[in-house]
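To start, the structure under review is shown below, and the notes come after it.
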Amino acid sequence: MLKFIKGHMESILGIEIYPLISLIIFFTFFVVLFLWVFTAKKEYINSVSNLPLDH
C-alpha cells in the first residue's frame, strides 16, 4: 500500500513543495502562539481563566 502511494506521489510534478509549506505554516503558528502567550497581559489571562467558574 505504501509503495503505491509513494509511487503515485512521486509522479506528481511539484509535490515536494507541500511538505515544506506545511512545515512553515506549522512553525509560524507555534512561534506566533508562543509570542502571544508571553506578551499577553496578566490581567487578561486571569480574567479568561476564571470564565468557566463564573456563571
Side-chain angles (χ1 to χ4, degrees):
M1 179 75 176
L2 188 58
K3 287 182 181 180
F4 172 73
I5 293 173
K6 185 177 177 184
H8 184 62
M9 295 299 255
E10 288 175 348
S11 68
I12 301 173
L13 295 175
I15 194 75
E16 63 274 357
I17 193 70
Y18 290 108
L20 184 61
I21 291 171
S22 299
L23 178 67
I24 290 170
I25 291 171
F26 179 80
F27 184 75
T28 304
F29 173 77
F30 280 102
V31 166
V32 169
L33 189 64
F34 182 80
L35 291 174
W36 178 79
V37 165
F38 281 105
T39 58
K41 293 189 180 355
K42 185 78 170 173
E43 297 84 23
Y44 175 73
I45 300 294
N46 285 335
S47 66
V48 172
S49 66
N50 288 328
L51 279 176
L53 303 175
D54 297 336
H55 61 297

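Fair warning: this is a prediction, and the values are worked out from it, not measured in the lab. Atom set for the values below is all heavy atoms of this structure, side chains included, hydrogens, waters and symmetry mates excluded.
- Both Val48 and Val37 belong to a single network of hydrophobic side chains, linked directly or stepwise wherever heavy atoms of I, L, V, M, F, W or Y lie under 4.5 Å apart.
- In this structure, Ile24 is a member of the same hydrophobic cluster as Tyr18, with clusters built from ILVMFWY side-chain heavy atoms closer than 4.5 Å.
- Residues Ile45 and Leu51 are members of separate hydrophobic clusters, defined by side-chain heavy-atom contacts under 4.5 angstrom among Ile, Leu, Val, Met, Phe, Trp and Tyr.
- Ile25 contributes atom CD1, which lies 10.0 Å from atom CG of Leu20 (distance to the nearest 0.5 angstrom).
- Cluster partners of Leu23, using a side-chain heavy-atom cutoff of under 4.5 Å among ILVMFWY residues and allowing indirect links: none.
- In this structure Phe38 satisfies the ring-ring contact (aromatic ring centres under 6.0 Å, His included) test together with Phe34, sequence neighbours excluded.
- What you find for Thr39 and Leu35 is that their closest heavy atoms are OG1-O, 2.8 Å.
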